[in-house]
Each structure stands twice: as C-alpha cells, then as structure tokens.
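Please read the structure below before turning to the comments.
Both ligands and their constituent atoms are indexed starting at 1 by order of listing. Just so you know, these numbers use all the heavy atoms, side chains as well, and skip hydrogens, waters and symmetry mates.
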Amino acid sequence: MKYLDEFRQRDLAQKLAAAIGAEADSARSYNLMEFCGGHTHAIFRYGVQDLMPDNVRFVHGPGCPVCVLPIGRIDNAIQLVEAHDVILCTYGDMLRVPASGRKSLLKVKAAGGDVRMVYSTQDALNIARNNPQREVVFFAIGFETTTPPTAVAIRQAEAEQLTNFSVFCNHVLTPAAIQNILESPEVREIGTVSIDGFFGPSHVSSIIGSQPYEFFAEEFQKPVVIAGFEPLDVMQSALMLIRQLNEGRYEVENEYTRVVTREGNRKAQHLVAEVFELRRAFEWRGLGLVPYSALQIKSAYAGLDAERRFDVPAIQASDVKGCECPSILRGVKKPTDCKLFGTVCTPENPMGSCMVSSEGACAAYWSYGRFRNADALPAIKVESVA
Ligand code: SF4
C-alpha cells in the first residue's frame, strides 16, 4: 500500500538502526518524548525500542485524547443521558472509559440509557435529523485533528436549523500541553522526567503545521521533529533528533513532509477559528488545569453548545485507587510501574483510560506484550512487506 509499505521495510530499518547506533554518543543519554499515542503504538508494535542503543529512550507523553479527558467530564456526559434523557453520540473508545462509581457510558447504555457509538460527526447529525423529537448531543473529544469535523457539524446544524442537536465540546490543544510538561516541576526542578527532545505529532501537525512548535523549541531549547506514524518515520525522526542534540541545535524539523507543512491546513484553521475560541483553562487528566489548552464554542453558536443548553456542572472526580494514568501521561511512570497492570487492569477489564484507548500507553504495553520477556525478543521486529 502506497505511503505505508515503503515505511515498514526491514532492510531500511536495519540501515537506520545502524546509523542511530553510530551517531548516538555513548557518553550521554537521549530521552525522546513521543507526545502522540500513535507513536507509542508504532514503537511497541514494531519493536522500535529494541532497535535503539541502550542510551536512546522513548518517554511516553499525554497525546491520547481519550486518556487525557478527566473523569469529571465523562461524569458530565453520563449526567446528560441520565438527567436530561438525551441521545448521546460518542466515539467507540469513550464507551468503556471508567467514570465515577465504577460507571461507564457502556454500563449506562446497558442500563437503558440512549448512548450511541458513531464513527463521525455526520453520523451524529443523521441521528439528530432522524429523531427530531429528541435532544441529540455529540460528545466531542480530541486534539486539533478532530476539531475541524466538529466545526463542520456545528455549521451544518446551524444552516439546517437543526434545533435538537448540540455539542459537548472537549477539544484540546497540543502545544499548550507540551509547554505544560516542559514547565512541570518534574522536568524543571525535581528532574524525575528527563526530556531532551520531542517527536511532534503527525496528524495534529497536518492541521496546525509545524510553526506552533517553534516557540517552545526556542524558549525551552528542546529540538522537535514532526514524525509520521510508521516505524521508519519514527526511526528517521529519532536520528534527526539525535543529530540536533549532538550539534547543540534546538530547531523544529519536519520528517513527515508527505503530509505536514509549516503553515498547516489554512482552510481547516479558519473553520475552527470561526466556530471555536480558547477556554481560559481546562483540566487534563495527569496535567491538572492547563491555561488556554482547550476550545469552547463561540457565543455566535451558543444554541448548539450543550454546556449552555443543559446544566453541566464542574465535577471534581478521582481516578480509580492505584491507577497510575496521571503519572504515565506526564512521563513520570511507565505502565509496568502500576500494580494493577495486567492483574486487575486488562483491556477486558480496564481500570483507567490508558488501558481502554487504542492510543493509550497501557494498551500498547499490553497488546504487544514486549514487557513480558524483553531479553527473549529478537533484534529486528519491523515487519517486512517489501
Ligand atoms: S494499568 Fe490500568 S490501572 Fe494501571 S495505570 Fe494503566 S490504566 Fe491505570
């Protein structure tokens, strides 16, 4: 398949591994944070860590949209169903994320609540069109990649005067979260998290471009390489980060040139700017309240904002006792540091969002099983499809 197969070739992976081994300075370490869950899964699926020298380490970041949503916002969604009798439309991953009191949207659905899994905002609009007597709320989550389709849905609903449709907006912003991590005490003062450089998100950057990362590359003196999601993308980007660090540079470079430009998708950016504005602060699981890190619907579209249409109170909720998702999302701990990992908590019985989501770090560790017997892993795990 074009743009996939050529980025999974074994011989090229071996050459890149050799180049990284040759260029990585054995006198220092390289701690490279992949912000995106997509990169985490590529690293685990293809065994990329096993191809790195011991001093090149991947640090997992908070870039999983399901994982970073605090439990209180899921409690809000459940309240919309139980107290306001809405049809709640949501992406599949959200259904199984544990909420307060061992509830989840899936359990609410099993108990008779009208929760429907959708694949797109257009599915949610269709449900609203087909149920004019019912209130339909789209539970919108995600980073900059999924925001434009939500903006399109809001404009469509406005144009059609679809008065029974609204959006519970939980869209969050990547650069603010990266800045929050770099300013965190663990990175700046205590030193429990070492980050030398970042793999920049690929899909997010196709919308916002590479330009927004330039500020903190300069300010915090950390190199950023926008990386695609295939194993050779990750390896090439690791090599580019290592070269920058060796040369004392901290620039934004773009490995994913087949999709990402410096400016990004202007049309999508204008669409988002027309419908959304910055929230003053938004709570992230693991990061706490992060200033200007999320979007809310502009007052021009107030009628389509579920938070203005219904009573949606701020809810402070705690994670399941023993769940280390907050520390994992900050890069402080690994999934295997959690006592519940693989015992109480599995994909069949998730205790936290990081085990539910297809982009979660715990799910990546569990699904590809590389924690089980690392010594027995063969040297090359990249699939050869050439
Ligand atoms: S293994 Fe489960 S309980 Fe532990 S951090 Fe991951 S999601 Fe939370």
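- At a cut-off of 3.5 Å, with distance as the only test, a side-chain donor of D75 or S100 sits close to an acceptor on the other residue.
- Counting only N and O atoms by type, the side chains of Q244 and E251 include no donor and acceptor under 3.5 Å apart.
- Among protein atoms, those of element N, O or S found less than 2.8 Å away from atom 6 (Fe) of ligand 1 are C362 SG.
- Listed here is the closest heavy atom pair of D311 and H84: O-NE2, 3.8 Å.
- If you check the side chains of E263 and Q211, you find no donor sitting under 3.5 Å from an acceptor.
- Across C64, P62, P175, a single residue satisfies side chain to side chain contact (heavy atoms under 4.5 Å, CB included) together with F35, and that is P62.
- Judged by distance alone, the side chains of S120 and Y91 never bring a donor and an acceptor atom under 3.5 Å apart.
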